[in-house]
Amino acid sequence: MHRSMHRSPLLIALAAALALSAAGCGGTAAEPRGGRAHDSLADKPERTSTPVKAKPELKGKIRIGFVGLNDQTAPDPLMGDTVYGADELKKRLKLDYPNIDFEVVTYPYKDHQAKVKALIESRQIDVSVESDSKFMWNQGLSEDLSPWLEKDKEWSKDHYVSPSLFTGPLEVDKTGQPVNNALPIAVDASGIYYDKKLFQDFGVPFISDHPTWDEIADKAKRLTGINPVTGETCYGVFMRIPSDHVGYNVSIIANTFGADMGRMGYKEYLNRVSLNSEGMVKAANYLKSLMPFAPPGMIQGQGGEKWSTPRNNIAIYINLPAIQMQKFRSLKLTDRYDVAMIPQGLDGSGGFLGGIRVQMVKNAQAKELAWEIVKWMSVGNGQRFLWETKTMMPVSLKALGPDYKPDALDEKMFSMVGQAQRMSPIWFTTAKFALTRAMEKVLLKDTPAQEALNQAQQEVDSEFAKMKSVDPKG
């Protein structure tokens, strides 16, 4: 779900993030190219994590497809930091499995679905690290992991940061029952960020740790105008609105208002989607009510260029990823910027959840070894690779080992993950773009929210009917 500001994409992953999310919903987070660190961590002698023990006796060959990862470790041309790639991942793997021959095939997010499908059908990979596990399952490209989950004593749901990472899988079988064809390896969630200096300049109290939307609107209004200290124009709120970002923003607000987030189906046209419910209409109107406190051009993605710079003029930034705090830490800006939780819905959830998942491909040549690497990525030292190189946030703190102690900043990030709402059919292709078009009408053409969302619902229903009519197995 965060590309409109000046920042390094390596510190914001998710996966194709908050949006090339685990659902393959479209890019909400910047695409990770690899991780950053100031020294190589692969040479540390002790690499055994708590849930998954090193197994140096295993032998064979495993080929891994990894979306969004660089081939080689190299300095970032803009920032100068080391960007770790597939070569570093192989070093980490070899420390635990010295007798397995590893090959890592990398490819970018652009057209990633076609690329991973071609890799699998040509039998070039056994394990896939992808952002679109639903596509993989529906195309018959990934294996149901249930037999391995049931018999493996090292793996457990209890290893994960939040139950929502695992207990809300996106894939279902023909009867509507969940299918575990992938395990999470990287996650991100979202929060409401704010510039403490601007609050102090205007004499406005900081945002509560758990605010309401009314509090956000009130403070955005009070922080819009001429800064009494600097004399510069300040805007109370900013969020990513262009393209499908508007749909994500409306949906996290609607979740707070108790809107029906829908239910996943075996195929997209079997998804149950409700875009014109009372909660969605209320959220659309709420989003529109914030526009007077936003910089001109926000609907075109403009106006937030000064965010996280010394001349920032944005007080509140809604729905930024949790790992954004890593950027502020690296820039030594944690004294200036802080984050509050997204207001929760009736079930206690709030905020976007995005991520990347690891899967065993259907035609893997050595499935027992493939499962071992799937598990290693999800609850083993693969988590250390992601976190220590600052590629993205881990899904298992236990996998970071008994010596890992999260600091206060880490705790905030994981708190956002812990309350993130589960994936919704509203975030998938057909519904997402119908909702985007509806919100453009609401925000740009002053179309009443109920009318625009009714039209969006009709679009979705019509498109689903067409999908079903041409599906020979429908």
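Scanning for side-chain contact (heavy atoms from CB on, under 4.5 Å) contacts around E411 gives P406, with sequence neighbours left out. Remark: D87 engages T73 in a side-chain hydrogen bond (donor to acceptor under 3.5 Å, both in side chains) (not counting sequence neighbours). Judged as a side-chain hydrogen bond (donor to acceptor under 3.5 Å, both in side chains), and not counting sequence neighbours, S396 has no contacts. Looking at residues two or more places apart in sequence or on another chain, you find no salt bridge (charged side-chain N to carboxylate O under 4.0 Å, His left out) involving E57. Every ring pair (Phe, Tyr, Trp, His ring centres under 6.0 Å) that Y286 has, sequence neighbours left out, goes to W213. With sequence neighbours left out, the side-chain contact (heavy atoms from CB on, under 4.5 Å) criterion links N99 to K59. In terms of the side-chain hydrogen bond (donor to acceptor under 3.5 Å, both in side chains) criterion, residue partners of D152 (sequence neighbours excluded) are, by chain and number, W371, K375. The side-chain contact (heavy atoms from CB on, under 4.5 Å) check on A456 picks up L275, A434, A438, with sequence neighbours excluded. With sequence neighbours excluded, the residues forming a side-chain contact (heavy atoms from CB on, under 4.5 Å) with D338 are Y194, K196, K412, listed by chain and number.
Using a 30° and 60° split on the angle between ring planes, Y248 and H245 fall in the tilted class, from 30° to 60°.
Partner V129 forms a side-chain contact (heavy atoms from CB on, under 4.5 Å) with one of V374, I185, I373 and no other, that one being I185.
Counting only residues at least two apart or on different chains, the salt bridge (charged side-chain N to carboxylate O under 4.0 Å, His left out) pairs with a member in residues 397-408 are R329-D407. Every pair passing salt bridge (charged side-chain N to carboxylate O under 4.0 Å, His left out) that includes a residue from residues 115-127 is listed here, sequence neighbours excluded: R63-D126. Among pairs with a residue in residues 314-325, none fulfils salt bridge (charged side-chain N to carboxylate O under 4.0 Å, His left out), at least two apart in sequence or across chains.
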Margin query: The test is side chain to side chain contact (heavy atoms under 4.5 Å, CB included); show your working for D260 and R272 and say whether it passes.
Written below: CA-CA 10 Å; D260 182 1; R272 181 173 57 79; 2.6 Å; yes
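Under 4.0 Å is where a charged nitrogen must lie from a carboxylate oxygen, and between D96 and K55 no such pair does.
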